[in-house]
Amino acid sequence: MFDFIKSALLMIDVQNDFCPAYTARSGKKRPSGALALTAGDAVVDPLNRLAEQCAGAGGKVIATADWHPPDHASFAASHPGLKPGDTVDLPGVTGQVLWAAHCVQGSEGARFHDRLKLNPVHCILRKGFRRDLDSYSAFFENDRRTPTGLDGFLKGLGITALLLGGLATDYCVLYSALDAARLGYRTIVLTDAVQGLGYPAGSVERAFETMKAAGVVLQHSGDIL
Ligand code: VGL
Ligand code: ZN
């Protein structure tokens with residue numbers, strides 16, 4: 001069995017805006033999210049299992065949340081005349097992709113999926129909250145230099161290995177995994193606990209290839225548990 005001591009599970013952006021419609025525990029119907037992945041919610045069960053195992057075995061569990069102000073620079077609506085999929089240059093970032101407004105601070109869409117178990121979570125990290133700067137990676141914002149503080153948090157706890165799951169394979173999981181490997185963590189992406197946006201076409205396949213080339217290990221959670 002995987003040794004969870006000195007390990008952390010990163011659950012990336014398992015938020016309503018990245019998930020299809022569902023009925024919440026309260027009975028309330030949640031509409032499909034603003035940037036819904038067809039099967040975004042498929043990551044919830046494997047992540048719940050992993051989080052329980054990891055926390056129970058002395059590992060740490062961190063959940064990240066995309067947390068944008070309503071006029072965030074990554075939203076197409078913040079740039080008159082541009083539409084989702086277009087790109088813009090922002091301070092320190094060339095070719096930032098524009099998205100439909102999503103994960104607005106305090107909104108229903110920004111809440112974690114209703115079935116994601118938060119009891120095993122030690123730390124919730126919010127990112128992308130600066131108006132003019134987006135953040136795909138859990139470690140650095142898209143200027144590649146503004147730290148989120150996560151590396152210091154993990155190193156302060158003596159953590160050397162990271163398990164990653166969540167949304168989306170081709171954006172926040174990809175950049176988080178690449179930074180994790182670059183920062184010297186043994187980095188494992190759990191193939192059954194991630195889902196991709198698939199935009200532009202082929203981006204999920206490219207993301208897996210890029211991660212592998214950077215030394216990230218791709219594994220099914222069944223090989224860990
Ligand atoms: C994400 C696009 C925009 C993600 C966040 O969590 O992968 N993708 N914001
Ligand atoms: Zn975002």
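Model, not experiment: these values are computed from the prediction. This chain uses plain numbering: 1 for the first residue, then up along the sequence. In listed order, ligands and their atoms are each counted from 1.
By the side chain to side chain contact (heavy atoms under 4.5 Å, CB included) test, C172 pairs with I12, D13, K127, Y136, sequence neighbours left out. For L174, the side chain to side chain contact (heavy atoms under 4.5 Å, CB included) partners at least two apart in sequence or on another chain are L178, A207, T210, M211.
Under the side-chain contact (heavy atoms from CB on, under 4.5 Å) rule, L190 has a single partner from L164, I224, D223, L225, which is I224. When each of L218, L163, T169 is tested with V189 by the rule side-chain contact (heavy atoms from CB on, under 4.5 Å), just one qualifies, namely L218.
The main-chain N or O of D41 is never found under 3.5 Å from a side-chain atom of Y22 such that the two would form a donor-acceptor pair.
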Identify all pairs of nitrogen or oxygen atoms, one from ligand 1 and one from the protein, separated by less than 3.5 Å, and list them with distances.
from, atom 1, to, atom 2, distance (Å)
ligand 1, 6 (O), D13, OD2, 2.7
ligand 1, 6 (O), L167, O, 3.4
ligand 1, 7 (O), A168, N, 3.0
ligand 1, 7 (O), C172, N, 3.1
ligand 1, 9 (N), D66, OD2, 3.0
ligand 1, 9 (N), H102, NE2, 3.0

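Below 30°, between 30° and 60°, or above 60°: for F75 and H72 the angle between ring planes is above 60°, a perpendicular geometry. Between F18 and H102, the angle of the ring planes lies from 30° to 60°, which puts this pair in the tilted group.
Within a 6.0 Å radius of CD in Q105, other residues, nucleotides and ligands contribute more than 12 heavy atoms.
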- Message: Please determine whether side chain to side chain donor-acceptor pair (under 3.5 Å) holds for the pair D89 and Q96, giving the CA-CA distance in whole Å, both sets of side-chain angles, and the decisive distance to 0.1 Å.
- Response: CA-CA 6 Å; D89 292 342; Q96 166 72 45; over 6 Å; no

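Among protein atoms, those of element N, O or S found less than 2.8 Å away from the Zn ion (ligand 2) are D66 OD2, H68 NE2, H102 NE2.
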